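It should be emphasised that the depicted structure is a prediction, and the values quoted were computed from it without experimental measurement. We number each residue from 1, following the sequence as shown.
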Amino acid sequence: MNPHFMSSVFELMQQENVVKLFESLEIHFTVLSVRMMNEDLAERLLNTISSEKSTFIRRLLKYLENSVGSHMDPSVLTLSDRMTVKEALAEVKRHNKKISPDLFVLTSDRRLAGLIHISDLIAGNPENEIRLMMNHKIITIPPETPVQSILNHQEWKDYYALPVVDKTSVFLGAIRLETIRSILVDSDKRKEDLGQTAISALGELYQIGLAGLLKSATDIKSASSKEKTQ
């Protein structure tokens, strides 16, 4: 089941029933669902379930500030590898959030199986299974990867999003090209601000130096005048 759909269902359920489900779910489904749900609800649930499981989940939820995991989109649209083209297109139409042209295809246990372009779905035979059409060769990114290290990744020439997977290939989300562009813009702005700061600092040093030089020249001139009068 799609964790995004699960998180939406959880928000409509009574909390005690959600807690029971959380206690019985596999840990990676629980973590994915928590990532996608309302923050207040997620916090209440984590405070209610067993402390052992809650502690483990909180640890898995944490990524370093500038890691890929902290910038990825966990609610990106995914398709099942057992879907037909017709079913996949219906899923795309139901998705009410932004989608990339490149759609990620997962196995029943949420492991990344491949990628399929939306244009291939549109042109494909409605009865064909998408697993027979998808691209199996795709670069994946671990969530712990420093985001700075993928800013100029060669794959951005061909893809609008790259999949983020854990050590067991479980799909966690995707890092989008628009996110990378935003980080680059922010980085350029910081460099520009630092440049302006440096220029201002140099200007101040120049003024201080010039003032000192003028004072020294004035002192020398005054001393010379006194010698002449003597």
Side-chain angles (χ1 to χ4, degrees), residues 1-10 21-37 42 53 56-64 67-92 94-95 97-121 124 128-147 149-150 153-156 158-177 179-180:
M1 186 182 291
N2 190 309
H4 179 61
F5 175 74
M6 287 169 62
S7 66
S8 300
V9 172
F10 288 158
L21 277 175
F22 265 44
E23 293 286 4
S24 63
L25 283 173
E26 290 185 27
I27 194 70
H28 69 267
F29 278 105
T30 305
V31 172
L32 288 168
S33 298
V34 171
R35 286 189 191 284
M36 297 178 196
M37 67 174 53
K53 192 164 190 176
F56 186 53
I57 291 171
R58 289 181 190 278
R59 182 167 63 82
L60 292 176
L61 287 170
K62 287 183 178 179
Y63 293 120
L64 294 178
S67 66
V68 168
S70 67
H71 289 279
M72 72 178 180
D73 178 3
S75 60
V76 65
L77 173 65
T78 59
L79 304 172
S80 166
D81 64 343
R82 296 298 173 178
M83 283 181 171
T84 63
V85 168
K86 182 179 179 180
E87 291 169 335
L89 286 173
E91 186 70 16
V92 170
R94 279 196 297 269
H95 193 71
K97 292 188 176 183
K98 185 184 298 184
I99 63 170
S100 297
D102 312 303
L103 304 174
F104 301 107
V105 184
L106 311 182
T107 61
S108 59
D109 56 358
R110 297 287 300 173
R111 284 174 170 76
L112 183 66
L115 176 147
I116 189 165
H117 199 279
I118 194 167
S119 61
D120 293 330
L121 287 178
N128 284 348
E129 289 190 349
I130 60 175
R131 64 191 178 94
L132 303 176
M133 305 164 54
M134 66 186 181
N135 175 15
H136 295 271
K137 296 180 180 179
I138 179 170
I139 296 294
T140 59
I141 311 292
E144 302 85 6
T145 305
V147 73
S149 69
I150 66 162
H153 201 296
Q154 61 181 6
E155 294 295 307
W156 294 124
D158 301 312
Y159 298 106
Y160 289 89
L162 293 177
V164 182
V165 303
D166 69 10
K167 294 177 181 179
T168 61
S169 296
V170 170
F171 182 84
L172 302 175
I175 180 82
R176 295 181 182 274
L177 177 58
T179 302
I180 295 299

Excluding sequence neighbours, so at least two apart, what forms side-chain contact (heavy atoms from CB on, under 4.5 Å) with Ser169? Arg111
Contacts of Pro146 meeting side-chain contact (heavy atoms from CB on, under 4.5 Å) (sequence neighbours excluded), chain-then-number -> Ser149
So, taking the atom named CG in Asp166 and the one named CG in Leu172, what distance separates them when rounded to the nearest 0.5 Å? 5.0 Å
Do the non-hydrogen side-chain atoms of Leu103 and Glu91 ever get within less than 4.5 Å of each other? no
Thr179 OG1 to Leu162 CG distance, which is reported to the nearest 0.5 Å: 11.0 Å
Kindly write out the residues that satisfy side-chain contact (heavy atoms from CB on, under 4.5 Å) with Glu87, not counting sequence neighbours, or none if the list is empty. Met83, Thr84
If I compare all heavy atoms of Ala161 with all of Phe104, which pair ends up nearest, and what's the gap? O-CZ, 3.8 Å
CD1 of Ile99: more than 12 outside heavy atoms within 6.0 angstrom? yes
For Arg176 and Ser100: C-alpha separation, side-chain torsions, deciding distance, then whether side chain to side chain donor-acceptor pair (under 3.5 Å) applies. CA-CA 8 Å; Arg176 295 181 182 274; Ser100 297; 3.0 Å; yes
Can you see which heavy atom on Ala113 is nearest to which on Asp81, and at what distance? CB-CB, 4.4 Å
Just wondering, do Ile130 and Val85 contact through their side chains at under 4.5 Å, heavy atoms? yes
Could you grab the distance from atom CG of Leu77 to atom CZ of Arg94, nearest 0.5 Å is fine? 10.0 Å
With a 4.5 Å limit on heavy-atom distance, are the side chains of Trp156 and Ile150 in contact? yes
